Amino acid sequence: MSTWFDTLKRSFADVPVDNANDNGISTTEFLEAAESLLTLFDLLGSAAFTPVKSDLAGNIKKVRERQQAAPEESATLQVLVLNELKTKKHVAAEGLVWLVRGLDFTAQSLRHNIDNTSKELSESFRDAYGRTLKPHHSMFIKPIFSAAMSATPYRKDFYAKLGSDDTVVKSKLETEVAALEERVAILKSFQDRKEAKW
(Lines give C-alpha, C1' and ligand atoms only; values in the text may rest on other atoms or scores of the structure.)
Protein backbone atom coordinates (compact mmCIF):
# COMPACT_ATOMS: atom_id res chain seq x y z
CA MET A 1 0.00 0.00 0.00
CA SER A 2 1.85 3.05 -1.22
CA THR A 3 1.14 6.49 0.26
CA TRP A 4 2.25 10.02 -0.55
CA PHE A 5 4.67 9.74 2.39
CA ASP A 6 6.53 6.93 0.60
CA THR A 7 7.30 9.31 -2.29
CA LEU A 8 9.18 11.77 -0.07
CA LYS A 9 12.92 12.04 -0.58
CA ARG A 10 13.15 12.85 3.14
CA SER A 11 10.70 13.02 6.01
CA PHE A 12 11.02 15.68 8.72
CA ALA A 13 11.19 12.77 11.19
CA ASP A 14 14.54 11.90 9.54
CA VAL A 15 16.06 15.37 9.90
CA PRO A 16 18.76 15.15 12.60
CA VAL A 17 18.56 17.49 15.59
CA ASP A 18 21.74 17.72 17.68
CA ASN A 19 20.26 18.19 21.15
CA ALA A 20 23.73 18.39 22.71
CA ASN A 21 24.72 21.22 20.40
CA ASP A 22 22.13 24.04 20.58
CA ASN A 23 19.49 21.76 19.00
CA GLY A 24 21.40 22.17 15.75
CA ILE A 25 19.24 21.16 12.77
CA SER A 26 21.15 19.53 9.94
CA THR A 27 20.99 21.87 6.92
CA THR A 28 21.09 19.34 4.06
CA GLU A 29 18.44 17.02 5.47
CA PHE A 30 16.17 19.91 6.51
CA LEU A 31 16.23 21.41 3.00
CA GLU A 32 15.53 17.98 1.47
CA ALA A 33 12.54 17.50 3.79
CA ALA A 34 11.25 21.01 3.02
CA GLU A 35 11.54 20.31 -0.73
CA SER A 36 9.74 16.99 -0.27
CA LEU A 37 6.92 18.76 1.55
CA LEU A 38 6.40 21.08 -1.44
CA THR A 39 4.75 18.18 -3.27
CA LEU A 40 1.94 18.37 -0.70
CA PHE A 41 0.78 21.57 -2.42
CA ASP A 42 0.49 19.64 -5.69
CA LEU A 43 -1.95 17.29 -3.95
CA LEU A 44 -4.08 20.27 -3.03
CA GLY A 45 -4.65 20.39 -6.76
CA SER A 46 -5.21 24.08 -7.32
CA ALA A 47 -3.17 26.64 -9.23
CA ALA A 48 -4.02 29.00 -6.37
CA PHE A 49 -1.33 27.22 -4.33
CA THR A 50 1.40 27.97 -6.89
CA PRO A 51 2.43 31.24 -5.14
CA VAL A 52 2.57 29.47 -1.76
CA LYS A 53 4.74 26.71 -3.20
CA SER A 54 7.03 29.04 -5.17
CA ASP A 55 7.49 31.24 -2.09
CA LEU A 56 8.69 28.23 -0.08
CA ALA A 57 10.89 27.01 -2.95
CA GLY A 58 12.48 30.46 -3.31
CA ASN A 59 13.38 30.52 0.37
CA ILE A 60 14.81 26.99 0.27
CA LYS A 61 16.98 28.18 -2.64
CA LYS A 62 18.33 31.17 -0.63
CA VAL A 63 19.40 28.93 2.25
CA ARG A 64 20.90 26.31 -0.08
CA GLU A 65 22.91 28.94 -2.01
CA ARG A 66 24.51 30.10 1.23
CA GLN A 67 25.22 26.47 2.18
CA GLN A 68 26.90 25.87 -1.19
CA ALA A 69 28.90 29.10 -0.93
CA ALA A 70 30.24 28.24 2.55
CA PRO A 71 29.70 24.52 3.18
CA GLU A 72 32.15 24.32 6.09
CA GLU A 73 30.17 27.07 7.88
CA SER A 74 26.72 25.60 7.23
CA ALA A 75 26.44 22.16 8.88
CA THR A 76 23.36 23.23 10.82
CA LEU A 77 20.83 25.92 9.98
CA GLN A 78 21.71 27.84 13.13
CA VAL A 79 25.45 27.87 12.35
CA LEU A 80 24.70 28.83 8.73
CA VAL A 81 22.68 31.86 9.86
CA LEU A 82 25.21 33.03 12.46
CA ASN A 83 28.10 32.69 10.01
CA GLU A 84 26.23 34.53 7.26
CA LEU A 85 25.37 37.40 9.63
CA LYS A 86 29.09 37.79 10.43
CA THR A 87 29.57 38.71 6.75
CA LYS A 88 27.01 41.56 7.17
CA LYS A 89 24.64 39.77 4.80
CA HIS A 90 21.29 38.19 5.68
CA VAL A 91 19.89 36.71 2.45
CA ALA A 92 19.81 33.12 3.77
CA ALA A 93 18.90 34.24 7.30
CA GLU A 94 15.90 36.14 5.95
CA GLY A 95 15.06 33.26 3.60
CA LEU A 96 15.03 30.91 6.58
CA VAL A 97 12.71 33.24 8.53
CA TRP A 98 10.19 33.11 5.67
CA LEU A 99 10.73 29.39 5.14
CA VAL A 100 10.01 28.72 8.82
CA ARG A 101 6.87 30.89 8.61
CA GLY A 102 5.69 28.91 5.60
CA LEU A 103 6.43 25.58 7.27
CA ASP A 104 4.74 26.79 10.48
CA PHE A 105 1.66 27.68 8.41
CA THR A 106 1.70 24.20 6.82
CA ALA A 107 2.20 22.44 10.17
CA GLN A 108 -0.56 24.43 11.89
CA SER A 109 -2.97 23.86 8.98
CA LEU A 110 -2.42 20.11 9.08
CA ARG A 111 -2.44 19.95 12.90
CA HIS A 112 -5.78 21.80 13.02
CA ASN A 113 -7.20 19.37 10.47
CA ILE A 114 -5.88 16.25 12.24
CA ASP A 115 -7.27 17.42 15.59
CA ASN A 116 -10.64 18.58 14.19
CA THR A 117 -11.91 15.66 12.15
CA SER A 118 -15.14 17.42 11.17
CA LYS A 119 -13.38 20.50 9.75
CA GLU A 120 -12.76 21.04 6.06
CA LEU A 121 -9.22 21.88 4.88
CA SER A 122 -10.22 25.39 3.83
CA GLU A 123 -11.13 26.22 7.44
CA SER A 124 -7.92 24.69 8.82
CA PHE A 125 -5.75 26.50 6.26
CA ARG A 126 -7.54 29.84 6.74
CA ASP A 127 -7.22 29.55 10.52
CA ALA A 128 -3.49 28.77 10.31
CA TYR A 129 -2.88 31.52 7.73
CA GLY A 130 -4.35 34.12 10.10
CA ARG A 131 -1.99 33.00 12.86
CA THR A 132 1.24 32.55 10.87
CA LEU A 133 1.78 34.29 7.53
CA LYS A 134 -0.99 36.88 7.32
CA PRO A 135 0.49 39.31 9.90
CA HIS A 136 3.68 39.47 7.79
CA HIS A 137 2.04 39.80 4.38
CA SER A 138 1.41 43.04 2.51
CA MET A 139 -2.05 44.04 1.32
CA PHE A 140 -1.01 42.86 -2.17
CA ILE A 141 -0.04 39.36 -1.05
CA LYS A 142 -2.96 38.67 1.34
CA PRO A 143 -5.62 38.26 -1.41
CA ILE A 144 -3.39 35.80 -3.32
CA PHE A 145 -2.99 33.61 -0.25
CA SER A 146 -6.65 34.00 0.75
CA ALA A 147 -7.65 32.71 -2.68
CA ALA A 148 -5.45 29.66 -2.12
CA MET A 149 -7.10 28.95 1.26
CA SER A 150 -10.51 28.88 -0.43
CA ALA A 151 -9.29 26.61 -3.22
CA THR A 152 -8.41 23.63 -1.00
CA PRO A 153 -10.05 20.33 -1.91
CA TYR A 154 -12.64 18.61 0.26
CA ARG A 155 -11.15 16.85 3.25
CA LYS A 156 -12.10 13.36 2.05
CA ASP A 157 -10.58 13.97 -1.41
CA PHE A 158 -7.32 15.29 0.05
CA TYR A 159 -6.88 12.37 2.46
CA ALA A 160 -7.64 9.91 -0.37
CA LYS A 161 -4.74 11.47 -2.33
CA LEU A 162 -2.39 10.84 0.61
CA GLY A 163 -3.14 7.11 0.41
CA SER A 164 -5.95 4.57 0.28
CA ASP A 165 -5.49 3.13 3.80
CA ASP A 166 -6.97 5.71 6.15
CA THR A 167 -5.31 4.30 9.28
CA VAL A 168 -1.83 4.27 7.70
CA VAL A 169 -2.30 7.79 6.31
CA LYS A 170 -3.40 9.21 9.67
CA SER A 171 -0.49 7.58 11.48
CA LYS A 172 2.10 8.79 8.95
CA LEU A 173 0.58 12.28 8.82
CA GLU A 174 0.70 12.54 12.62
CA THR A 175 4.38 11.48 12.64
CA GLU A 176 5.33 13.93 9.88
CA VAL A 177 3.42 16.88 11.37
CA ALA A 178 4.80 16.26 14.89
CA ALA A 179 8.37 16.17 13.51
CA LEU A 180 7.76 19.34 11.50
CA GLU A 181 6.26 21.12 14.53
CA GLU A 182 9.28 20.17 16.67
CA ARG A 183 11.79 21.52 14.14
CA VAL A 184 9.78 24.69 13.48
CA ALA A 185 9.62 25.37 17.24
CA ILE A 186 13.41 24.96 17.58
CA LEU A 187 14.04 27.35 14.68
CA LYS A 188 11.52 29.94 15.87
CA SER A 189 13.13 30.08 19.30
CA PHE A 190 16.57 30.39 17.66
CA GLN A 191 15.31 33.21 15.39
CA ASP A 192 13.98 35.07 18.43
CA ARG A 193 17.48 35.30 19.85
CA LYS A 194 19.39 38.55 19.57
CA GLU A 195 22.37 37.04 17.73
CA ALA A 196 20.10 35.64 14.99
CA LYS A 197 18.75 39.08 14.09
CA TRP A 198 20.16 41.66 11.69
Side-chain angles (χ1 to χ4, degrees), residues 1-17 25 28-61 64 98-134 136-137 141-188:
M1 286 291 223
S2 170
T3 66
W4 170 76
F5 302 95
D6 302 318
T7 69
L8 302 181
K9 181 176 179 183
R10 184 165 309 270
S11 160
F12 275 99
D14 299 326
V15 174
V17 177
I25 294 178
T28 300
E29 287 85 347
F30 183 86
L31 294 177
E32 285 174 358
E35 278 176 335
S36 295
L37 189 67
L38 291 181
T39 63
L40 182 77
F41 293 101
D42 300 332
L43 293 188
L44 293 168
S46 167
F49 274 97
T50 305
V52 181
K53 187 179 170 184
S54 63
D55 188 55
L56 286 165
N59 290 312
I60 290 169
K61 184 171 181 272
R64 180 166 282 128
W98 281 101
L99 178 56
V100 168
R101 285 174 183 163
L103 294 173
D104 190 24
F105 154 71
T106 309
Q108 287 197 35
S109 301
L110 295 171
R111 170 59 61 207
H112 184 271
N113 208 256
I114 292 167
D115 293 348
N116 299 280
T117 52
S118 62
K119 300 274 194 243
E120 283 297 337
L121 283 176
S122 57
E123 192 176 336
S124 296
F125 274 76
R126 207 172 287 118
D127 179 69
Y129 178 64
R131 281 185 283 129
T132 54
L133 291 168
K134 192 176 182 181
H136 306 287
H137 278 165
I141 303 288
K142 282 175 186 166
I144 296 168
F145 274 72
S146 293
M149 304 312 111
S150 305
T152 51
Y154 287 114
R155 180 189 179 95
K156 62 177 174 45
D157 298 336
F158 172 69
Y159 281 90
K161 286 180 182 177
L162 290 177
S164 54
D165 186 329
D166 211 31
T167 314
V168 171
V169 165
K170 286 192 170 125
S171 163
K172 289 191 174 197
L173 186 61
E174 174 59 49
T175 301
E176 188 67 10
V177 171
L180 177 56
E181 287 170 329
E182 182 192 353
R183 283 147 187 80
V184 163
I186 289 169
L187 289 169
K188 279 171 74 174

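Worth saying up front: this structure is predicted, and the values here are computed from it rather than measured.
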> Is there a side-chain contact between Val15 and Arg10 (heavy atoms, below 4.5 Å)?
Replying inline: yes
> Angle class for the Phe125/Phe49 ring planes (parallel below 30°, perpendicular above 60°, tilted otherwise)?
Replying inline: perpendicular
> If you measure only the distance, is there a donor-acceptor pair under 3.5 Å linking the side chains of Thr3 and Asp6?
Replying inline: yes
> What pair of heavy atoms forms the shortest contact from Ala57 to Leu38, and how long is it?
Replying inline: CB-CD1, 3.9 Å
>> I'd like to know whether Phe158 forms a side-chain contact (heavy atoms from CB on, under 4.5 Å) with Thr152, so could you lay out the CA-CA distance, the side-chain angles of the two residues, the decisive distance to 0.1 Å, and finally the verdict.
In response: CA-CA 8 Å; Phe158 172 69; Thr152 51; over 6 Å; no
> Can you check side-chain contact (heavy atoms from CB on, under 4.5 Å) on Leu180 and Leu37, steps first, answer last?
Replying inline: CA-CA 10 Å; Leu180 177 56; Leu37 189 67; 4.0 Å; yes
>> What I want to find out is whether Lys9 reaches Glu35 closely enough, with some N-O distance under 4.0 Å, to be called a salt bridge.
In response: no
> Got a second to check how far Glu123's CD is from Arg155's CZ, nearest 0.5 Å?
Replying inline: 10.5 Å
>> For Lys142, I'd like to know if atom NZ has over 12 heavy atoms of other residues, nucleotides or ligands within 6.0 Å.
In response: yes
> In chain order, what residues pass the ring-ring contact (aromatic ring centres under 6.0 Å, His included) check against Phe5, with sequence neighbours excluded?
Replying inline: none
> To the nearest 0.5 Å, how far apart are NZ in Lys53 and CG in Leu40?
Replying inline: 10.0 Å
>> For a quick test of reading the model, state the closest non-hydrogen atom pair linking Ala48 to Ala148 and the distance between them.
In response: O-CB, 3.3 Å
> So, the side chain of Ser171 versus the backbone of Thr167: is there a donor-acceptor pair under 3.5 Å, distance only?
Replying inline: no
>> If you apply the rule side-chain contact (heavy atoms from CB on, under 4.5 Å), what do you find for Glu181 with Glu176, and how did you get there?
In response: CA-CA 9 Å; Glu181 287 170 329; Glu176 188 67 10; over 6 Å; no
>> My understanding is that only residues two or more places apart in sequence, or in another chain, count here; which of them pass salt bridge (charged side-chain N to carboxylate O under 4.0 Å, His left out) with Lys161?
In response: none
> What's the spacing between Leu31 CG and Leu99 CG if we round to 0.5 Å?
Replying inline: 7.5 Å
>> I'd like to know if the side chain of Asp55 and the backbone of Val52 have a donor-acceptor N/O pair within less than 3.5 Å.
In response: no
> Between Leu103 and Leu187, does a side-chain contact (heavy atoms from CB on, under 4.5 Å) hold up when you go through it step by step?
Replying inline: CA-CA 11 Å; Leu103 294 173; Leu187 289 169; over 6 Å; no
> By ring-ring contact (aromatic ring centres under 6.0 Å, His included), which residues pair with Trp98, not counting sequence neighbours?
Replying inline: His137
> Which pair of non-hydrogen atoms, one from Leu121 and one from Pro153, has the smallest distance, and what is that distance?
Replying inline: CD1-O, 3.6 Å
> Out of curiosity, Ser109 OG to Ile114 CD1, how far, rounded to the nearest 0.5 Å?
Replying inline: 10.5 Å
> What are the two closest non-hydrogen atoms of Asn113 and Ser124, and how far apart are they?
Replying inline: ND2-OG, 2.9 Å
>> Which heavy atom of Leu8 sits nearest to which heavy atom of Ser36, and what is that distance?
In response: CD2-O, 3.5 Å
> If you count the non-hydrogen atoms of other residues, nucleotides and ligands that lie under 6.0 Å from NZ in Lys134, is the total more than 12?
Replying inline: no
>> With a 3.5 Å distance limit and no angle check, can you tell me whether Asn116 reaches the backbone of His112 through a side-chain donor-acceptor pair?
In response: yes
>> Just verifying a value: how many Å separate Phe12 CZ and Arg183 CZ, rounded to the nearest 0.5 Å?
In response: 8.5 Å
> To the nearest 0.5 Å, what is the distance between CG (Leu43) and CG (Asp157)?
Replying inline: 12.0 Å
